[in-house]
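Everything below concerns the one structure shown next.
By convention in this document, chain letters (A, B, ...) are assigned in the order of the sequence lines, proteins followed by strands, and residues within each chain are numbered from 1.
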Amino acid sequence: MSSGPSPCITWVDERVQVTVECCGVASRIAGAEHLAVVLPEAATVLDLFEVLAERSTEMAELLARCACARGDAIVPRGTQLADGDELALLPPVAGG
Amino acid sequence: MSSGPSPCITWVDERVQVTVECCGVASRIAGAEHLAVVLPEAATVLDLFEVLAERSTEMAELLARCACARGDAIVPRGTQLADGDELALLPPVAGG
Amino acid sequence: MQQQDTPRIQSTPLSLDVLLAHTERADCGALAIFAGTVRDHHEGRAVRSLTYSSYARVAEKLIRDIEAEIAARFAVPVCRAVHRVGALGIGETAILAIARGAHRAETFAAMQALVEAVKHRVPIWKEEFYADGSSAFVNGCTLVAAEDLPPAESRLHCTPTQSIES
Amino acid sequence: MQQQDTPRIQSTPLSLDVLLAHTERADCGALAIFAGTVRDHHEGRAVRSLTYSSYARVAEKLIRDIEAEIAARFAVPVCRAVHRVGALGIGETAILAIARGAHRAETFAAMQALVEAVKHRVPIWKEEFYADGSSAFVNGCTLVAAEDLPPAESRLHCTPTQSIES
């Protein structure tokens, strides 16, 4: 985890800090493979997405089609985040 | 081709002589893998089958479900046979 | 690499690697394969081994005809089937069928149609040898032309569950 | 031979032989395989290579969940899929999926369902590199839960023909 401000970190002066791995095209659009985000207590995935959407219009458009993973599971938008959560942004998939 | 009578040869005193390879279960029911059969001139596959059906009831029953091959093709019952034809009795198949 | 024309009826073990190498195509993104292997049971009876036989003159031509017909029908560049004959033990491969196409939908469909056609239309026979020492030819689909069949029957009227004990 | 639990996401070349050896079953007479290989073209553009990436923590679990779900649904003992990640050249295998069952009908169906599910539900992404030097992520199926999608969209609303240039 990063120890100070950087272009990859959005500082919000509250209590829940999460890391976000940007997968596939999300890393290009976000301009980083990993983001650290601090959110208000009791923040949800939706709150996280709203913060991330401020990065760019392209990011906002992508987020509408991104799932969010925590650990080894995909979690709904309403999921409440906990401090230290390791999240991933999963854009639309195209395996095979 | 055999030079004289044997249990595998059905003699009919006419002009068209054909050989018949008995495939799969047909060889067991016919009691032979190859038969030589002499048929009247202008005989058809159907005529051949009628001669072969006389071997046993089991053979007659099998023949109803057997196709006849000549060379590399399956030919219909009405096909006229020629002297020297190499035929095969093809019982119901079960590949794979 | 050019497709190689190899026998479709083979008395030696079938090799998927060889079949794949003989049919490589850079323009095909999908490859579907079916392998039919000898099961240790059939209709509730323990099977020890199988013997397949074929009438190769017809079978070699018919398999090629079927491949061409299915390749055209499904618009896939490669359809290939090869069938083993002789004595096979449990787990050995009796049939390999492959299709290669640009996309998976038509490639799946072609591979399945190929397997069905080879099983139903090609002169190949299967004798099963059971644990109790007996054996039986597995009864299957008649190759009798539709015009020559009694009205009640049809080519599709297969009875693979019925055996002729011998 | 016991089924071996091996990684479903792999950065080294996929081996069909290894996959087959790890899933052998004497009670299965049918084996259906799908291999998705890198095509030299996509949507009319010449493709030089591909890079696949995945979110392995989710992908490894989801592929196993999908295998179990499909094995149960089609009553086949073996369903297994493995997906390559990293840079792949033309003709290299990106995905292998196999099903083994007693008979071919359910085995075909399981194999196809497995391929569809892995392509549509597992976090794997494909970036294509074109002959003209450009590249694009191929757009596909959203993994967003149905409850979180706008009413007009659905999970099945995939747009594999659309690329996001990057």
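Residue Arg77(B) qualifies as enclosed at atom CZ: its count of foreign heavy atoms under 6.0 Å is above 12.
The structure places CG of Leu143(C) at 6.0 Å from CG of Leu90(B), a figure rounded to the nearest 0.5 Å. Cys141(C) SG to Arg65(B) CZ: the interatomic distance, rounded to the nearest 0.5 Å, is 8.0 Å. Going from atom CG of Asp72(B) over to atom OH of Tyr55(C) covers 9.0 Å, rounded to the nearest 0.5 Å.
Between the side chain of His83(C) and the backbone N or O of Gly95(B) there is no donor-acceptor pair closer than 3.5 Å. For the pair Trp125(C) (side chain) and Pro92(B) (backbone), a donor-acceptor distance under 3.5 Å is present.
Counting heavy-atom pairs under 4.5 Å between each of Ser53(C), Pro123(C), Gly36(C) and chain B puts Pro123(C) at the top. Looking only at heavy-atom pairs under 4.5 Å with chain C, the residue among Cys68(B), Ala94(B), Ala88(B), Ala67(B) that has the most is Ala94(B). Ranked by heavy-atom pairs under 4.5 Å with chain B, the list Ile95(C), Asp148(C), Leu50(C) is led by Asp148(C).
When heavy atoms are compared at a cutoff of 4.5 Å, Lys61(C) approaches chain B solely by way of its side chain, counted from C-beta outward.
Among all heavy-atom pairs drawn from Gly96(B) and Ala94(C), the shortest one is C-CB, 4.3 Å.
Counting heavy atoms from C-beta on, the side chains of Val93(B) and Val122(C) never come closer than 4.5 Å.
Partner of Arg57(C) under the side-chain contact (heavy atoms from CB on, under 4.5 Å) criterion, chosen from Glu86(B), Glu21(B), Arg70(B): Glu86(B).
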